[in-house]
Number of protein chains: 4
Amino acid sequence: MKRREVQASVKDEKLVVKRREQMIKGAVALFKQKGFHRTTTREIARASGFSIGTLYEYIRKKEDILYLVVDHMYDQIRERLEKDLELHKGTLESLKLSIAYYFREMAEMQEEVLVMYQEAKSLSKDALPYVLNKEIAMVGMFEEVIRNCVRNGELDLNEKQIKLAAHNLFVQGQMWGFRRWALQKAYTLDEYIESQIELLFQGMQGARTKQETGGER
Amino acid sequence: MKRREVQASVKDEKLVVKRREQMIKGAVALFKQKGFHRTTTREIARASGFSIGTLYEYIRKKEDILYLVVDHMYDQIRERLEKDLELHKGTLESLKLSIAYYFREMAEMQEEVLVMYQEAKSLSKDALPYVLNKEIAMVGMFEEVIRNCVRNGELDLNEKQIKLAAHNLFVQGQMWGFRRWALQKAYTLDEYIESQIELLFQGMQGARTKQETGGER
Amino acid sequence: MKRREVQASVKDEKLVVKRREQMIKGAVALFKQKGFHRTTTREIARASGFSIGTLYEYIRKKEDILYLVVDHMYDQIRERLEKDLELHKGTLESLKLSIAYYFREMAEMQEEVLVMYQEAKSLSKDALPYVLNKEIAMVGMFEEVIRNCVRNGELDLNEKQIKLAAHNLFVQGQMWGFRRWALQKAYTLDEYIESQIELLFQGMQGARTKQETGGER
Amino acid sequence: MKRREVQASVKDEKLVVKRREQMIKGAVALFKQKGFHRTTTREIARASGFSIGTLYEYIRKKEDILYLVVDHMYDQIRERLEKDLELHKGTLESLKLSIAYYFREMAEMQEEVLVMYQEAKSLSKDALPYVLNKEIAMVGMFEEVIRNCVRNGELDLNEKQIKLAAHNLFVQGQMWGFRRWALQKAYTLDEYIESQIELLFQGMQGARTKQETGGER
DNA sequence: CATGAATGAGTATTCATTCAT
DNA sequence: CATGAATGAATACTCATTCAT
């Protein structure tokens with residue numbers, strides 16, 4: 001699925017890109033503070049460094065800004081995720097490393113993640129599929145990595161479990177941000193990552209099982 | 001923390017309760033469809049079966065309705081969760097059962113869950129703590145059950161892991177709803193629950209580990 | 001064709017009628033000065049004696065006001081026209097009298113007529129038919145009166161001529177208003193009416209014809 | 001009265017004329033569709049084949065375009081009217097012929113006529129006199145022709161009647177256009193012209209009168 | 001001369017909230 | 001207690017006009 005076009009009146013493509021960068025930057029800052037609905041177009045224009053008239057030279061409707069913002073965030077996340085996963089060698093150790101990297105990236109982007117979680121639903125039925133699609137692609141990247149480990153005999157999961165594990169991973173990375181009111185009081189980021197990875201790989205095993213398992217040479 | 005008071009002009013307590021029930025029922029239906037921001041107070045009044053004037057006899061501001069609604073939803077969830085967990089006998093088997101029950105309840109309430117996820121952030125800094133508190137309490141219920149298993153020697157988890165596992169459980173129960181656009185295409189609810197529980201208890205174990213573990217007598 | 005409904009949020013029918021009267025009065029005054037497009041809804045509200053919010057309790061869109069205004073004007077004209085024509089006895093003399101009355105009424109309403117001529121086209125395709133229908137009905141009233149004279153042997157016109165004569169009459173009555181920049185400099189109203197009626201009944205006859213005709217005993 | 005100057009920034013007179021021709025052509029097409037108010041300057045620029053910036057090199061304000069357009073239309077009408085009337089030999093027959101020609105021209109230009117009727121009022125108090133003046137001149141052309149007939153003894157009308165007859169003629173020619181919603185359903189253009197001329201020359205005469213008149217040798 | 005990006009005053013419309021009845 | 005008419009601040013979006021390139 002291609003990127004959804006947001007129509008601009010201005011023809012100069014370079015300029016459109018530049019102005020939209022300004023716009024996204026300004027809008028993100030405001031959305032972080034007050035959310036999409038409570039932010040006015042005039043505020044966005046001001047925060048972007050141009051007039052309300054100019055703003056509308058680069059979009060058609062307020063919702064276009066939200067789309068641009070969310071789309072941009074997904075691109076950022078994807079970019080980071082790609083980097084995190086590309087080192088991956090198909091071993092458990094490298095998988096754990098990738099996950100830790102991803103968790104850390106998401107922690108850095110927690111405010112963006114928050115905006116996405118809370119505002120994406122304000123996208124029209126028209127725009128929503130495009131961003132969901134991006135999310136599906138990202139979950140797919142995790143799946144691929146996990147599936148790799150399974151192929152290598154490092155993990156033993158069926159297809160349903162692989163898919164679900166990928167989902168869980170994706171969500172847990174963002175959880176640090178969207179549940180920070182609880183998690184960030186109880187854990188440092190390092191603790192969170194460590195514990196999360198432990199649970200992920202050991203599961204909530206029975207005590208004996210674990211001893212025996214742990215007891216292997 | 002006590003329930004936050006929403007001021008009413010009407011004195012008759014019985015009536016207040018009754019009217020608010022009507023209000024919540026009407027508002028929930030609307031919030032499910034269009035979200036809090038896109039729903040007007042007039043629509044809520046109409047859906048509740050009384051006039052806009054009357055609506056304001058029982059609340060002070062529109063946000064009060066959101067608080068009432070979200071608060072009510074949390075109560076509902078808590079109620080169900082309590083029921084799910086009270087049978088619990090501290091064994092792994094009963095824990096798995098409780099989790100399955102909870103996942104099923106959350107699937108039934110997925111629309112409500114969606115509303116909570118998407119609209120709770122619209123609560124003022126003033127009201128938010130009250131509902132977050134309820135959520136913390138619910139996570140605490142899970143913690144307690146897990147901790148019980150640990151005490152019984154059924155599970156071997158440290159305190160950090162217990163807390164986190166509780167969080168994960170809580171979120172995964174709601175995930176079926178808030179990521180339905182992806183999950184409900186790939187899984188039936190039963191499959192989701194089964195796979196989720198498998199992952200939860202086995203973790204993403206190494207293949208050999210699992211064989212050995214499984215191979216115990 | 002029934003009157004087009006303009007939706008009001010207010011339920012009290014009496015009040016709707018009263019407020020719309022105020023609205024029409026205020027709007028007409030403004031439309032006379034600056035036309036529909038140059039008049040803002042706020043100005044109309046102020047001129048009507050209530051707030052912009054209240055204005056919108058009684059209409060849905062700005063265009064509704066135009067419809068209300070034009071519709072009202074047509075009703076006024078019709079009312080007067082009915083009165084002018086009802087005395088009519090089917091003789092040439094009484095026809096001339098009716099016409100003179102009508103011309104005089106239109107002169108009184110010239111500003112309203114001007115508004116109608118200039119703004120009616122701003123009505124949506126949706127509303128236009130309703131007012132055109134009223135105009136057709138009024139032309140029909142003239143036709144009927146003329147046809148009466150024909151039946152009585154007072155006039156000798158075929159059906160096409162009757163219809164056209166009715167149109168001409170209708171338009172000429174309004175001409176005094178919509179061409180006042182020319183006519184009102186050259187004629188008093190009495191002169192206009194007198195000359196117009198002469199032309200209407202004699203036509204631009206050949207000189208000899210007229211002498212002979214005039215010379216009859 | 002001289003033509004009103006519309007200021008241009010561009011000096012090259014030839015170019016000014018050419019660009020304004022483009023402009024008028026583009027604007028007329030748009031005004032026919034949507035009227036002056038609903039047409040934007042950008043649309044006019046695009047329809048004219050140049051940019052908004054260029055448009056403003058040849059006018060000062062949007063209203064200038066309307067003036068240019070209306071002025072041009074009057075010139076067109078005048079041109080045709082001159083052609084229609086110049087054959088005129090001062091007889092009744094040739095007068096009827098001229099009238100028929102004029103009616104036919106106006107039928108061809110009905111959309112332009114409509115624009116003039118509906119939009120001319122949007123001209124500023126400043127520009128209006130110039131175009132009204134043109135209209136007065138055209139009515140004067142009709143007057144002259146009629147007066148000629150009177151001098152030749154072909155018609156017997158006093159000065160007031162001459163002027164009024166000229167007005168009526170002028171308006172009736174345009175009526176086919178501005179009342180087309182009624183007339184064009186009931187008449188073909190030929191029927192309209194024929195009936196209108198009959199009424200014009202016979203008037204709505206008494207039946208006896210007509211017989212007697214018709215009975216002359 | 002031509003272009004088109006920038007501007008911001010202006011406008012219709014909505015909606016939470018109040019308060020007299 | 002219940003009603004619903006009144007209010008006006010707030011807001012998205014438009015468009016004539018300017019001016020630097």
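Here is the naming used below: chain letters follow the sequence lines, and residue numbers restart at 1 for every chain.
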Margin query: Considering every strand and a 4.0 Å limit on heavy-atom distances, what is the contact class for C:Arg19: base, sugar-phosphate, or nothing?
Written below: sugar-phosphate
Margin query: Just to verify, what does D:Asp64 make a salt bridge (charged side-chain N to carboxylate O under 4.0 Å, His left out) with, not counting sequence neighbours?
Written below: D:Arg4
Notebook entry, point to check: If you walk 5' to 3' along DNA chain E, what is the first nucleotide with an atom under 4.0 Å of a heavy atom in chain B, and what is the last?
Noted result: E:dC15 to E:dT18
Margin query: Give the dot-bracket line for DNA chain E from 5' end to 3' end: parentheses for intra-strand Watson-Crick or G-U pairs under 3.5 Å, square brackets for crossings, | for inter-strand pairing, dots for unpaired.
Written below: .||||||||||||||||||||
Check: salt bridge (charged side-chain N to carboxylate O under 4.0 Å, His left out) with D:Asp75: which residues, sequence neighbours excluded?
Finding: D:Arg3, D:Lys134
Notebook entry, point to check: When rounded to the nearest 0.5 angstrom, what distance separates CZ in A:Phe31 from OG in A:Ser122?
Noted result: 9.5 Å
Margin query: Under 4.0 Å, heavy atoms only, any strand: does D:Thr40 hit a base, just the sugar-phosphate, or nothing?
Written below: sugar-phosphate
Margin query: What is the separation between atom CD1 on A:Ile52 and atom P on F:dA12, rounded to the nearest whole Å?
Written below: 8 Å
Notebook entry, point to check: Please give, in whole Å, the distance from F:dT11 P to A:Lys61 NZ?
Noted result: 18 Å
Next item on the list: Could you check B:Gly53 against A:Arg42 and say which one's nearest nucleotide on DNA chain E is further toward the 5' end?
Entry: A:Arg42
Notebook entry, point to check: What pairs with A:Glu111 under salt bridge (charged side-chain N to carboxylate O under 4.0 Å, His left out), at least two apart in sequence or on another chain?
Noted result: A:Arg180
Margin query: Counting only heavy atoms and a strict 4.0 angstrom limit, can you tell me which residues of residues 7-16 of chain D come near DNA chain E?
Written below: D:Val10, D:Lys11, D:Asp12, D:Leu15
Check: Rounded to the nearest Å, what distance is computed from the CG atom of residue A:Asp64 to the P atom of nucleotide F:dT14?
Finding: 11 Å
Next item on the list: Using the test side-chain contact (heavy atoms from CB on, under 4.5 Å), find all partners of C:Ser51 that sit at least two apart in sequence or belong to another chain.
Entry: C:Thr54
Next item on the list: Kindly compute the distance separating CG (D:Asp71) from CG (D:Leu123), expressed to the nearest 0.5 Å.
Entry: 9.5 Å
Could you go through residues 112-120 of chain A and list every donor-acceptor pair under 3.5 Å that involves a side-chain atom there, pairing it with any protein atom two or more places apart or in another chain?
| residue | atom | partner | partner atom | Å |
| --- | --- | --- | --- | --- |
| A:Glu112 | OE2 | A:Lys32 | NZ | 3.0 |
| A:Tyr117 | OH | A:Gln174 | OE1 | 3.2 |
| A:Glu119 | OE2 | A:Phe36 | N | 3.2 |

Margin query: Near DNA chain F, counting only heavy atoms under 4.0 Å, which residues of residues 21-39 of chain A show up?
Written below: A:Thr39
Check: For B:Lys61, which residues count as a salt bridge (charged side-chain N to carboxylate O under 4.0 Å, His left out) partner, sequence neighbours excluded?
Finding: none
Item checked: Side-chain touch D:Glu63/D:Ser124, heavy atoms, less than 4.5 angstrom -> yes
Next item on the list: Run the numbers on D:Met23 and D:Leu55 for side chain to side chain contact (heavy atoms under 4.5 Å, CB included), then give the verdict.
Entry: CA-CA 8 Å; D:Met23 236 169 72; D:Leu55 183 76; 3.4 Å; yes
Notebook entry, point to check: Once you round it to whole Å, what is the distance between P of F:dT14 and NZ of D:Lys62?
Noted result: 15 Å
Notebook entry, point to check: Roughly how far apart are A:Tyr56 OH and A:Ser9 OG, rounded to 0.5 Å?
Noted result: 12.0 Å
Item checked: NZ/B:Lys34: more than 12 non-hydrogen atoms of other groups inside 6.0 Å -> yes
Next item on the list: Could you note down all residue pairs passing salt bridge (Lys or Arg N to Asp or Glu O under 4.0 Å) where residues 19-29 of chain C supplies at least one of them, sequence neighbours left out?
Entry: none
Checklist line | Sugar-phosphate, base or nothing in reach of C:Thr41, heavy atoms under 4.0 Å | finding: base
Margin query: Can you work out whether C:Glu57 or B:Tyr58 has the more 5'-proximal nearest nucleotide on DNA chain F?
Written below: B:Tyr58
Notebook entry, point to check: Which residues satisfy the ring pair (Phe, Tyr, Trp, His ring centres under 6.0 Å) test with B:His37, sequence neighbours excluded?
Noted result: A:His37
